[in-house]
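Numbering of residues begins at 1 and proceeds along the displayed sequence.
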Amino acid sequence: MLLIPFYTSNLSKVGYSNLIMILSIFTVISFILALNSGVFFYFYEWKRKRYQNMIFTTWFYYQLGFALLLGGFLFFGASWLQDFFVVSPANEMDIINGIRLLPFMFIPYIINITNINYYRIDRKAKSAVSIVFLEALFTVIIVVPGLEYYDFGIPEVIIGLLIARSVVSILFIKTTLNYIHWKGFSMKILKRLWLFSWPFFVISASAWITISIDKFIGAEHLTNKDDIAVLALSMQLCLPIVVVADMIRTAIGPFIMSIKDDDNANQTYQQVFDLSVFSALIVLVLVVIATPMLTFLLADETYMKSIMVIPLVAFASVLSMVSNQFSISFSLVKKNSHLILPTLSGGLIVIISNMLFMKEYGFVVSGVSQALAGVVMASILFTLGRKVTNLNLNLRNSSFLFLITAGFIAIVYIDMDSILNGNYFSLFFGGAVCLLLLAFVYLLAFKKSKT
């Protein structure tokens, strides 16, 4: 979020949109490297230290091997991939060079993400946070002056990101030495990790489609290409919810795996779930309330239309977090393949809705399709979880919290014309009431659960 005002003030709307889209390509390709779920499962399943070390070594070299293949595709396929962006004779080479630089980010990315997961399993939160913080710090130090004083474009920004991640990977090289010995690589372990984790490739890709494909479809179907920048800003203004959801996702995976055999595991999981929903919805309301101020602070009034999609995009982000928690029950019983249907359903809803309706109804279709996809995905996952994995979560308390938040979002859309004209009374007053009701309902439910 620190970079948003520098992107919007130093790049054109088209340049800002293309940068966010290029970085999202790196994100979706990196999903193929993610064997995290299998790593966590077998790390706790196998108690011997030797095998636990081999798990990380095997995962590390799997990532390196696939990164070479994916990097070659990006480098040599850049001229073809540029057709998915908003291209003009003036920016064509910037887009191609930006895509060709992405493969070089895989090496520091692999080292840093493996180290983060190494710390997650050891529950060394400070070390994991240090990597993320230092990446952000060095990125700001390099990219911000570059944008302000050296006329950075897309390629230069990506080089800045590459340098920042590389510096961090060098600083934490001591941890890398714990699993870098190639003799610890095992094809048998890789097979187990891959068979356990492959459904999550589909899940992650579908999640990316849900939040990112709208901009690529908009590049073709939106008459006003500047609206793609509005969608990009909307996605980035929802980063606080994504951060909260990612914090919960990052912590809950190894946590649930480590307590799965405890006598009170179900009760603990229920408390974690209710707290997660409450926390995410509080952040959602705060983001919606703050959208006008954030828009003026981080961009300018031409981006104010983002308020038309942010409530729905934020709501979809919370539903995605809920779906992730439902998904854990499938991992516990090794039935991850059942996750494919609901996640594919969500992705298809977003693709079809945007392709059919975005040209006629504009960028607002993006928010509607994401929220609808989130509801469908969470509903299917919960229903399947009940049947397939004996999912034991009680949704009574969280349902009340969602209804309260949905009421606030409805008020925002009813009064949207007034909000766009600068009258924020319903936004602030409705948000304040919503926050109070959320806190009251959650605390009341928490008190009852203790008696």
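Note: F402 and F315 meet the aromatic proximity criterion, with ring centroids under 6.0 Å apart. The distance between the ring centers of F26 and F106 falls below 6.0 angstrom.
In this structure the side chain of F408 reaches within 4.5 angstrom of the side chain of V288, judged on heavy atoms. Between F6 and V143, the closest side-chain pair of non-hydrogen atoms is not below 4.5 Å. Counting heavy atoms from C-beta on, the side chains of I307 and Y424 never come closer than 4.5 Å. You'll find the side chain of F185 reaches within 4.5 Å of the side chain of M187, heavy atoms only. Contact of the T291 side chain with the T295 side chain is registered, since non-hydrogen atoms from C-beta on lie closer than 4.5 Å. Using a 4.5 Å heavy-atom cutoff, the side chains of Y303 and Y16 are in contact. Using a 4.5 Å heavy-atom cutoff, the side chains of P108 and L162 are in contact. Within the 4.5 Å cutoff, the side chain of I173 has no heavy atoms near those of the I180 side chain.
By the neighbour-count criterion of 12 heavy atoms within 6.0 Å, atom CZ of F76 is sparsely surrounded, having that number or fewer from other residues, nucleotides or ligands. Counting non-hydrogen atoms of neighbouring residues, nucleotides and ligands closer than 6.0 angstrom, the CZ atom of F296 exceeds 12 such neighbours. Few gaps surround CG on D83; more than 12 heavy atoms of other groups in view lie less than 6.0 Å from it. Counted within 6.0 Å of CE on M416, heavy atoms from surrounding residues, nucleotides or ligands total more than 12; the atom is thus considered enclosed.
Scanning for side-chain contact (heavy atoms from CB on, under 4.5 Å) contacts around S186 gives M54, T58, K188, I189, with sequence neighbours left out. Scored by the side-chain contact (heavy atoms from CB on, under 4.5 Å) test, I107 finds L64, I111 as partners (sequence neighbours excluded).
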Test log, rule side chain to side chain contact (heavy atoms under 4.5 Å, CB included), inputs F85 and N91: CA-CA 10 Å; F85 297 85; N91 68 9; over 6 Å; no
Stepwise side chain to side chain contact (heavy atoms under 4.5 Å, CB included) check, T27 with L23: CA-CA 6 Å; T27 300; L23 294 177; 5.6 Å; no
Verdict with reasoning, V368 to Y361, per side chain to side chain contact (heavy atoms under 4.5 Å, CB included): CA-CA 11 Å; V368 176; Y361 296 102; over 6 Å; no
Given L435 and I289, is the side chain to side chain contact (heavy atoms under 4.5 Å, CB included) satisfied, shown in steps? CA-CA 11 Å; L435 290 172; I289 293 173; 4.2 Å; yes
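In terms of modelled atom types and a separation under 3.5 Å, the side chain of S369 and the main chain of S366 share a donor-acceptor contact. Between the side chain of S345 and the main chain of L341, a donor-acceptor pair closer than 3.5 Å is present. In this structure a side-chain-to-backbone donor-acceptor pair under 3.5 Å is present from Y413 to M308. A distance-only check finds a donor-acceptor pair linking the side chain of N112 to the backbone of R165 [under 3.5 Å]. When atom types are taken as modelled, the side chain of E156 and the backbone of G153 share a donor-acceptor pair closer than 3.5 angstrom. Remark: the backbone N or O of F56 is not paired with any side-chain donor or acceptor of Y61 at under 3.5 angstrom.
Rounding to the nearest 0.5 Å places OG1 of T114 at 4.5 Å from CH2 of W59. Between I310 atom CD1 and K305 atom NZ the span is 13.0 Å, to the nearest 0.5 Å. Note that the CD1 atom of I154 and the CD1 atom of I22 stand 4.5 Å from one another [nearest 0.5 Å]. Atom CZ of residue R100 and atom CG of residue L81 lie 10.5 Å apart, to the nearest 0.5 angstrom. Going from atom CD1 of I25 over to atom CG of L70 covers 12.5 Å, rounded to the nearest 0.5 Å. If you take CD on Q82 and CG on N97, they are separated by 10.5 Å, rounding to the nearest 0.5 Å.
P103 and L74 make their closest contact through CG-CB, 3.8 Å (heavy atoms, listed as atom of the first residue, atom of the second, distance). Minimum interatomic distance between T57 and H181 (heavy atoms only, all atoms of both residues): CG2-O, 3.0 Å. Here the shortest heavy-atom pairing between I159 and L101 reads CG1-CD1, 3.7 Å. Closest non-hydrogen pair, S306 versus L233, comes out as OG-CD2, 4.4 Å. Of all non-hydrogen atoms in T8 and P5, the two that sit nearest each other are OG1-O, 3.2 Å. Considering all non-hydrogen atoms of both residues, V140 and P145 come closest at O-CD, 3.5 Å.
Neither side chain, S130 nor Y119, offers a donor N or O lying under 3.5 Å from an acceptor on the other.
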